[in-house]
Amino acid sequence: MNSDLGPVLGPTVAEMLAAYRTGASTPTATVEAFSTVVAARGDDGTWITVVARAELLAAAAALEARPDAVSLPLYGIPFGVKDSIDVAGYPTTLACPDYAYTPDSTAPAVQALVDAGAIFVGKTSLDQFATGLNGTRTPHPIPRSVYGNDMISGGSSSGSALAVALGQVPFCVATDTAGSGRVPAALNGIVGYKPSRGLISTVGLVPACKSLDCITLMATTVEDLDLVFDVMCAEDPADGWSRRRGEKFDGHEVTVGLPDLQQLDFFGDAAMFDAHSVARRSLPQHGLRTTAVDLTPFLDAGSLLYQGPWVAERLVEFDEFLSEQPDSIVPVVREIFLGGRRYSAVDAFRALQTLQDLRARVAQLWTSMDVMIVPTIGTTFTVPEVLADPIACNTKLGHYTHFGNLLDLTAVAVPSGLTEDGRPVSLMVIGPALADDTILAVAARLLGEGRTVSPPLAGGEPAVGTIDIVVAGHHLSGERANPQLVELGGSLVEATCTAPTYTLLRIGTADPTPGLLRVPFGGSAIDVERWRLPATSLAVLAGRMPAVLALGRVLLADGSDVLGYVCDATVQTGAEGHIVDDISEFGGWRAYSRAINSAHDTSIAAQEIS
């Protein structure tokens with residue numbers, strides 16, 4: 001392959017802003033250049049709708065006439081929007097002309113960019129109905145990667161990736177349900193960032209799978225991602241998945257989880273295996289400490305996405321259109337939609353239960369690492385290869401991305417060189433929900449970018465406006481009440497243990513509640529977690545508290561004294577006659593639960609044998 005091919009490094013957001021502020025360029029000059037470049041390339045599958053030159057020039061002139069324009073955070077920055085996201089007055093087509101409509105309002109995430117001075121220049125191509133990771137599922141011209149040789153662009157955010165990789169715009173808005181923002185970024189040598197679900201409003205996005213969808217960003221630098229994400233990230237009460245962003249990265253030493261190479265699949269692509277191995281070996285040079293991690297529960301979760309009932313979730317939006325106009329849908333997409341009809345409610349609940357177990361397993365793994373790094377893609381394909389075997393190729397493209405939103409993770413695809421035969425290599429940095437700033441900090445290191453970090457707070461104290469709370473039972477990561485903490489904007493600070501002055505009690509029998517009780521002697525160190533919450537969330541949490549628990553101070557092993565869940569006075573005194581058992585010997589609620597479940601399973605097995 002021709003190694004001279006690849007992304008065009010046009011001016012970044014930061015460079016454009018600097019040029020505007022020094023008078024070296026103007027938004028008018030920028031949009032004029034954009035119109036010229038796009039017109040020269042013709043319809044190459046990058047754009048579905050392009051804003052007319054005259055309209056762009058008028059928008060730039062109006063912006064330049066504003067007295068406060070230069071102070072706007074994204075003054076004069078051109079950007080494209082994936083054609084599944086609404087922009088008022090422009091068709092939303094999802095690459096299906098018969099489905100198209102023209103919205104009256106703009107998606108809040110896009111409106112935030114316009115309000116910050118950015119200039120919308122058009123709607124980018126996608127796999128039809130955002131169903132695919134390869135870019136070939138479209139009635140329009142099939143786009144190709146900037147690396148040429150008939151390589152696919154990736155999808156479904158194919159046009160967003162190409163517009164950035166071609167240097168036409170410095171950033172694009174895309175989406176990612178199963179890898180749609182990361183796979184095309186990897187195949188075009190740029191950075192693709194999938195935030196934690198809920199940090200960018202999905203109102204105004206035509207859903208693929210609403211419970212999993214994320215609005216994402218593509219750019220060439222982490223610096224640009226930071227600038228744009230700061231504008232777009234906002235809580236939206238109209239979005240049921242909306243939540244606050246996590247804490248800023250404080251500069252601590254980062255531990256990277258690396259699966260054994262034998263667990264990684266490159267689908268027979270020896271050149272990609274070799275290139276990934278080289279990229280992995282360079283991690284310590286970036287100041288990153290590594291540790292081994294088991295990839296199995298991540299991959300098991302990923303297998304649920306297209307082999308489980310989440311395919312049926314697409315029909316929430318598209319079932320009526322499928323019934324009324326099936327011939328308007330690209331055949332492979334139509335077959336996927338039809339396949340969703342075979343799943344039952346039982347299938348859905350079975351899959352949800354399996355996923356919850358996998359989430360609990362994965363939650364434990366984050367206690368030993370800050371981020372995990374895997375390939376973004378294990379191999380590449382040409383357009384003819386995908387057209388000949390569309391389902392199998394698509395599945396391989398999503399091998400490392402499918403599990404991301406199912407497990408509520410955040411991730412960023414980072415270009416990491418080329419294979420020997422000149423194809424793009426990409427590392428994916430993955431973190432738990434709300435660890436967005438940490439994964440971006442790691443991505444910046446891999447790209448050699450300097451990046452400001454927030455210093456750690458003295459003594460581990462929470463920031464103003466937040467409060468730390470210690471949990472020991474059902475609120476632990478992966479346990480049934482943990483989503484309450486996440487929904488309230490909580491983030492895990494650390495997994496730790498109490499000072500050796502506590503007993504762990506099981507209160508009740510039918511549905512027992514674990515509770516911490518401090519004792520004057522004979523106590524134990526109990527496994528707990530320390531979570532950080534917005535202070536305003538404390539009242540909500542207290543209102544949900546079981547009657548047998550109360551908020552009190554918990555002494556941790558490091559000597560800190562932190563607010564936490566403890567036994568209510570009625571339990572301590574026996575005033576209400578609660579049935580209470582001391583389970584301190586297990587060292588924590590999770591260990592106790594595992595022991596009970598193991599005994600239950602053994603009992604069932606014994607009955608079957610007998």
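- Taking the charged nitrogens against the carboxylate oxygens, Asp213 and Lys210 have no contact shorter than 4.0 Å, which rules out a salt bridge.
- Between the side chain of Tyr400 and the backbone N or O of Asp265 there is at least one donor-acceptor pair closer than 3.5 Å.
- Heavy-atom neighbours of Glu449 CD from other residues, nucleotides or ligands within 6.0 Å: above the threshold of 12.
- Within 6.0 Å of CG on Asp104 lie no more than 12 heavy atoms contributed by other residues, nucleotides or ligands.
- Of the listed residues (Asp127, Asn394, Thr395, Thr177), just one forms a side-chain contact (heavy atoms from CB on, under 4.5 Å) with Leu133, and that residue is Asn394.
- For Phe321 and Phe337, the ring centers are positioned 6.0 Å apart or more.
- Electrostatic pairing of Arg359 and Asp408 does not count as a salt bridge here, judged by no charged N lying under 4.0 Å from a carboxylate O.
- Inspection of the Asp236 and Ser242 side chains reveals no N or O donor paired with an N or O acceptor under 3.5 Å.
- In terms of modelled atom types and a separation under 3.5 Å, the side chain of Glu313 and the main chain of Ser211 share a donor-acceptor contact.
- Ring-plane geometry between His276 and Phe266 is classed as tilted, the angle between the planes lying from 30 to 60 degrees on a 0 to 90 degree scale.
- In this structure a side-chain-to-backbone donor-acceptor pair under 3.5 Å is present from Asp436 to Ser196.
- Side-chain contact check for Thr46 and Arg41: no donor-acceptor pair (N or O, by modelled atom type) lies under 3.5 Å.
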